[in-house]
Each structure stands twice: as structure tokens, then as C-alpha cells.
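Single-structure report; data block below.
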Amino acid sequence: MTTAKSNIDSLVVALDVPTAQEAISLARRLQGRVGMFKIGLELFCAQGPAFIREIQAFAPVFLDLKLHDIPTTVHRALEALLPLDPALIDIHTQGGPAMIEAAAEAVRAHRQRGGRTQLLGVTVLTSLDREALTRLGLATDPGDMALHLARLAKECGCDGVVCSAQEAASVRDACGEAFHRLTPGIRPRGGAVQDQARVVSPSQALRNGSTWLVVGRPITRAEDPAAAADAILAEMAEA
Ligand code: C5P
């Protein structure tokens, strides 16, 4: 099968596994079929920063640590992480405008030194529904809140947001094509939904305007992860 390079570039595989050995084995099997590997808290906490470089030997890395603290702390944490030069790194937009601006400032300085990292803001976690937001004292619709936070992220210097693929089109309309949408909760046709609540198919996510599709278990837990990635790329090609 020949696959468009742009679809491969848009596919981000979440390496949600506990050991370095499992992560490297997956990275080796998926190399060339995937635009980026996502390393989240589980693997980062277990393996530490130096491990990022081992995965970068296979593909660029999205360092998904969702930083959320006072502006100075986030700025300093980013200064410590950015020498790893991940392709993407993220913060929680709910840390507020000053925190987002401090993060954007650290990323800008890194790029001025020749780095290539882009900064994403997490809008509303897909695990939070309206009831959970109400219990947090935020009586609002998760979709409306995500759009509001996407506008704030853009205003404060982010390069894009993490959002549901169901919100990607409205974020693109509000913030413009160049402001990226990275969307988890992607499920191929006939795939198990697992604990994701609002899932979108690979082709629909692209039609909705997702820049990057994050796929974890449908690939990483498949008997043949490379074949599962190929099947998802084929679905993306239908968009
Ligand atoms: O296995 P699955 O495809 O559900 O993995 C999706 C990945 O995206 C996981 O690493 C999960 O933590 C992450 N994620 C998510 N929803 C968000 C943000 C990140 O599912 N809102």
C-alpha cells in the first residue's frame, strides 16, 4: 500500500506502555507509518527525560505532560524540558492567561535558539462532562468551554490546542487553519471504544479539521500494530 505522506504525518501514536522495552519495540514496528509518538506521564515518570531521545530515533515526539502550575514554575519546567526539542509539548489552558503566556515565552525563546517545538494548550479534558464541570463550579457546556479556551490559547501565544475531534471544526473556524487541532478519542471502524466517551472515526476527524489524530490502544494493543496502523491510514485516505 502506498500512503500519502500527509496522512502519515497526521498520525500520532500514544505510547501508553509502562516499560522502555515495550515502547521501543512498538516504535520499531511502527517506524515509517507514524508521524509522531506521544509520550505521556506514565512513560515519562517511569523512564525519565533521557528516554525521550531513544524514541526520537524512530520519529518526532509529542511530550504530553499537560503542565499546570503558577507561571514561573511552568516557564522553568519548560526551560528544563525544551533542550529535548520535542516536536510538540502541552500545558493546561486552565492555568490561566499569565501561565499560557509564560509557557509561550519559553517556547519562543527555544525556537529563537533553533528549536522546533510547538506549544499546544489542553482545552477541556474529554473525561470531563457537563456534570463534572458543574461540580467544579463551572456551569458551562464542555464544547463551549473548549472553544472559549482555544481562543484564549491563541491570544496568549499557543500554536494550537488539544481538543475533541467533535470540536475541531469550530476551533478551526474561530482560530484559523494555521492554529493546530490535535485530537484524541479516535476509533477505527468496528474498533472497541474502551473508556473514551466521545469517539470519532479517522476519516471524520480529518474532515472535521483535525491536524493530528492521536491513536493509542487501537494500535498499541493490536496483535499486529503495524497492520492496525495501516488500516487506520487507509481510513484516513477516505477523507
Ligand atoms: O488508547 P486511546 O486511543 O484512547 O489513547 C488516547 C490517548 O490520548 C491517551 O494517551 C490519552 O491519555 C490521551 N488523551 C485523551 N483525551 C484527552 C487528552 C489526551 O484521550 N482529552
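Sequence positions, counted from 1, serve as the residue numbers for this chain. Model, not experiment: these values are computed from the prediction. When a ligand or atom number is given, it counts from 1 through the structure's own listing order.
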Checklist entry - Among Pro184, Pro218, Ala14, which one has a heavy atom closest to atom 18 (C) of ligand 1? => result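 That would be Pro184.
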
Checklist entry - Does the distance from a Lys or Arg side-chain N to an Asp or Glu carboxylate O, for Glu238 and Arg189, drop under 4.0 Å? => result yes

Checklist entry - Is any NZ, NE, NH1 or NH2 atom of the basic residue among Arg217 and Asp16 found under 4.0 Å from an Asp or Glu carboxylate oxygen of the other? => result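 No, Arg217 and Asp16 are not salt-bridged.
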
Starting from [atom], which protein heavy atom do you reach first, and at what distance in Å?
| atom | value |
| --- | --- |
| atom 19 (C) of ligand 1 | Lys66 NZ, 3.7 Å |
| atom 6 (C) of ligand 1 | Gln196 NE2, 3.8 Å |
| atom 16 (N) of ligand 1 | Thr126 OG1, 2.9 Å |

Checklist outcome for this item: Tested for salt bridge (charged side-chain N to carboxylate O under 4.0 Å, His left out) against Asp85, the lone hit among Arg111, Arg116, Arg53 is Arg116

Checklist entry - Crowded around His148 NE2? As in, over 12 foreign heavy atoms under 6.0 Å? => result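 No, the 6.0 Å shell around NE2 holds no more than 12 heavy atoms from other groups.
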
Which atoms of ligand 1 have any heavy atom of [X] under 4.0 Å away?
| X | result |
| --- | --- |
| Gly216 | 1 (O), 2 (P), 3 (O), 5 (O) |
| Arg217 | 1 (O), 2 (P), 3 (O), 4 (O) |
| Arg187 | 1 (O), 2 (P), 3 (O), 4 (O) |
| Val214 | 7 (C), 8 (O) |

Item to check | Polar atom proximity, Asp16 to ligand 1 (N or O, under 3.5 Å) | outcome: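 Yes.
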
Item to check | Taking every non-hydrogen atom, the tightest pair across Gln166 and Val199 | outcome: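 For Gln166 and Val199, the tightest heavy-atom pair comes out as NE2-O, 4.1 Å.
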
Checklist entry - Do any heavy atoms of Lys38 fall under 4.0 Å from ligand 1? => result yes

Checklist entry - Where does Ser164 meet ligand 1, judged by heavy-atom distances below 4.0 Å: at the side chain, the backbone, both, or neither? => result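 None of Ser164 does.
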
Item to check | Region of Glu42 engaging ligand 1 - heavy atom pairs below 4.0 Å | outcome: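 Neither part.
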
Checklist entry - Are side-chain N/O atoms of Ser170 and Glu167 paired as donor and acceptor at under 3.5 Å? => result no

Checklist entry - Are side-chain N/O atoms of His75 and Glu105 paired as donor and acceptor at under 3.5 Å? => result yes

Checklist entry - Would Thr19 and Glu22 satisfy side-chain hydrogen bond (donor to acceptor under 3.5 Å, both in side chains), going step by step from the backbone distance to the final call? => result CA-CA 5 Å; Thr19 67; Glu22 285 167 87; 2.7 Å; yes

